[in-house]
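Heads up: the structure comes next, in structure tokens.
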Amino acid sequence: MTVQREQLEADVLIVGAGPAGLSCALHLSNLIKKHNESSGAGKNGPQLSAENIYVLEKGREIGAHQLSGAIMNPKALAELVPDFEKSAPLDTLVTDDAALLFTKGSSFRFPITPAPFKNKGNYVVSLSKMTKWLGGLVEAAGVNVFKEFGGAELVYEGDGIGGVITEDKGLDKNGKPKDNFTPGYELRAKVTVLAEGTRGSLTKKLVAAKRLDNINPQSYGIGIKELWDVQPGRIAPGYVAHTLGWPVSMDMYGGGWIYGLSNNRVSIGLVLALEYADPLFDPHAVFQTWKTHPFLKKILDGGKLVRYGAKSLPYGGWYAMPRNYLDGGLIIGDSGSFLDSQRLKGIHLAMKSGMLAAETIFDALKAGDTSSKTLSAFPKKIEQSYIKKELWQVRNFHQSFQHGMLRGFVHTAFQQITGGRGLIDPMRAHAGHEAYKKINGRPAPERFKGDGKLTFDRLTDVYHSGTRHEEDQPCHLKVADPNVCATKCAVEYGNPCQYFCPAAVYEMAKEANGGLRLKINAANCVHCKTCDIADPYQIIDWVVPEGGGGPNYEGM
Ligand code: SF4
């Protein structure tokens with residue numbers, strides 16, 4: 001189908017209204033304001049306008065797709081909004097930070113909290129509320145934020161990029177236009193900033209097309225979270241705990257969090273590396289099992305599940321950071337691997353990466369040159385900032401755990417005393433999906449059902465994610481060859497998509513002739529991107545659905 005697309009031109013187009021994208025937009029608009037006020041008739045470069053900054057947000061509103069633990073180190077926010085404490089929706093300051101070792105029936109608190117788990121001075125926040133607030137500041141600054149619009153395709157231009165095409169709206173499930181059909185816009189910009197978050201669908205294509213990969217492929221984890229209202233007195237606001245051990249086996253990398261929020265609300269979650277050997281492993285079931293530990297049961301008993309969500313996160317760090325600049329383009333935030341996998345902190349690094357991108361773009365716009373030569377100032381700014389300092393110290397951290405917890409602890413001990421170098425530097429990593437071992441006829445495990453009070457099946461949890469998609473639209477989970485699923489994958493790996501998806505999207509349905517058919521319940525998708533990452537044959541491509549679809553992580 002050939003469609004006529006409306007073209008719009010901006011100076012800067014930011015794809016994604018998360019902490020990175022919004023910080024980029026706000027910092028740039030602040031720089032522009034100061035510049036316009038000081039340059040009078042344009043003596044120090046052309047007059048610029050915040051209205052020429054466009055931000056795309058695929059969710060129903062800003063914050064709808066934002067999910068994190070979340071503990072925020074406020075240092076980037078303090079630079080961006082110096083008086084943030086007056087108006088930011090900070091839930092509570094961390095008052096106690098515990099590291100706990102779980103065995104099946106007991107828990108032990110480390111007498112001294114290891115440095116990576118120390119969080120005093122940080123805030124427990126709802127990332128959804130924080131980004132909504134930040135989005136309000138961005139809009140008040142005059143930036144154009146387009147909600148319910150996703151970046152569907154990149155516009156390539158020469159050696160770089162020149163913009164994005166947003167998704168077509170109003171197509172039916174066969175791709176035919178409905179009465180409300182509206183073609184996507186062709187948004188052109190001098191600089192396009194990819195701030196799509198973890199496993200960005202455009203970033204993935206750009207990195208592959210332009211060979212922007214670093215020495216390691218990106219490593220990922222999956223984080224599964226629930227928000228609960230609990231009985232008064234069960235957890236103090238500001239109490240944070242990180243758990244190691246049961247039920248996560250020692251040959252895997254993962255751990256849990258328990259964060260006390262105000263008003264008897266608690267954020268709990270489990271993060272597991274997506275590089276396990278057993279293709280029938282079910283992260284959602286392990287998360288539910290973790291909640292049955294006496295320590296958690298005591299907190300949650302008599303409480304009520306409020307919200308559920310899941311999201312992947314990029315663990316790879318410095319050596320998995322793609323080249324983040326090219327003609328007309330920059331990559332920031334989780335899309336650019338700005339996350340400290342040891343402390344599991346990415347919000348302040350994402351924000352800082354957005355701010356440094358803003359400074360780079362500001363200089364480029366003033367100079368009238370947005371080529372890669374000018375935009376190459378971005379990685380130099382990162383080198384000179386605390387981003388490099390923080391990520392360099394943990395540059396080999398996550399790779400150390402690719403063969404289990406014990407080996408990981410030995411490596412990290414050496415890394416601690418050598419400023420991150422450790423025994424091998426750089427330590428190489430493999431893509432997580434390469435770790436699967438074949439099932440060799442092992443039968444499918446029984447699915448986790450839950451008791452409906454403390455533990456839940458996936459569909460109950462999906463209901464609590466507020467996920468909604470227009471049902472009659474093309475499937476946004478593109479499987480290159482479903483035949484592989486029904487034959488090769490069923491035999492070799494037992495269709496891991498049925499287990500790793502935390503939203504029960506993939507099912508292998510039995511056909512009348514005894515064969516298997518892949519059924520995709522795309523409307524359940526919570527946009528965690530795990531299938532795009534963890535599919536053993538790498539034939540699942542997650543693309544943006546019609547804008548506005550997806551979870552509603554209000555308060556998460
Ligand atoms: Fe996550 Fe993929 Fe399942 Fe959607 S379909 S919830 S992106 S694993």
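Counting starts at 1 for both ligands and their atoms, in listed order. Worth knowing before you read on, the calculation uses all heavy atoms, side chains too, and leaves out hydrogens, waters and symmetry mates.
Listed by number with element, the atoms of ligand 1 under 4.0 angstrom from any heavy atom of W542 are 7 (S).
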Derivation and outcome, side-chain contact (heavy atoms from CB on, under 4.5 Å), residues Y123 and D91: CA-CA 7 Å; Y123 289 92; D91 193 282; over 6 Å; no
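Figure legend: K176 and F181 shown without cation-pi pairing, the cationic atom not lying both under 6.0 angstrom from the six-membered ring centre and within 45 degrees of its axis. Under the 6.0 Å distance and 45° angle rule, R323 counts as a cation-pi partner of Y325.
Remark: R407 pairs with no residue by the salt bridge (Lys or Arg N to Asp or Glu O under 4.0 Å) rule, at least two apart or across chains.
Near atom 3 (Fe) of ligand 1, less than 2.8 Å away, sit the protein N, O or S atoms C501 SG.
Electrostatic pairing of K488 and D481 does not count as a salt bridge here, judged by no charged N lying under 4.0 Å from a carboxylate O.
Screening residues 489-513 for salt bridge (Lys or Arg N to Asp or Glu O under 4.0 Å) gives K438-E492, E507-K519, E511-R517 as the qualifying pairs, with residues at least two apart or on separate chains. Note on residues 508-542: pairs passing ring pair (Phe, Tyr, Trp, His ring centres under 6.0 Å), not counting sequence neighbours, are H65-H527, H469-H527, H476-H527, H476-W542, Y493-Y537, H527-W542.
When only non-hydrogen protein atoms are considered, atom 7 (S) of ligand 1 lies nearest to K529 N, 3.1 Å.
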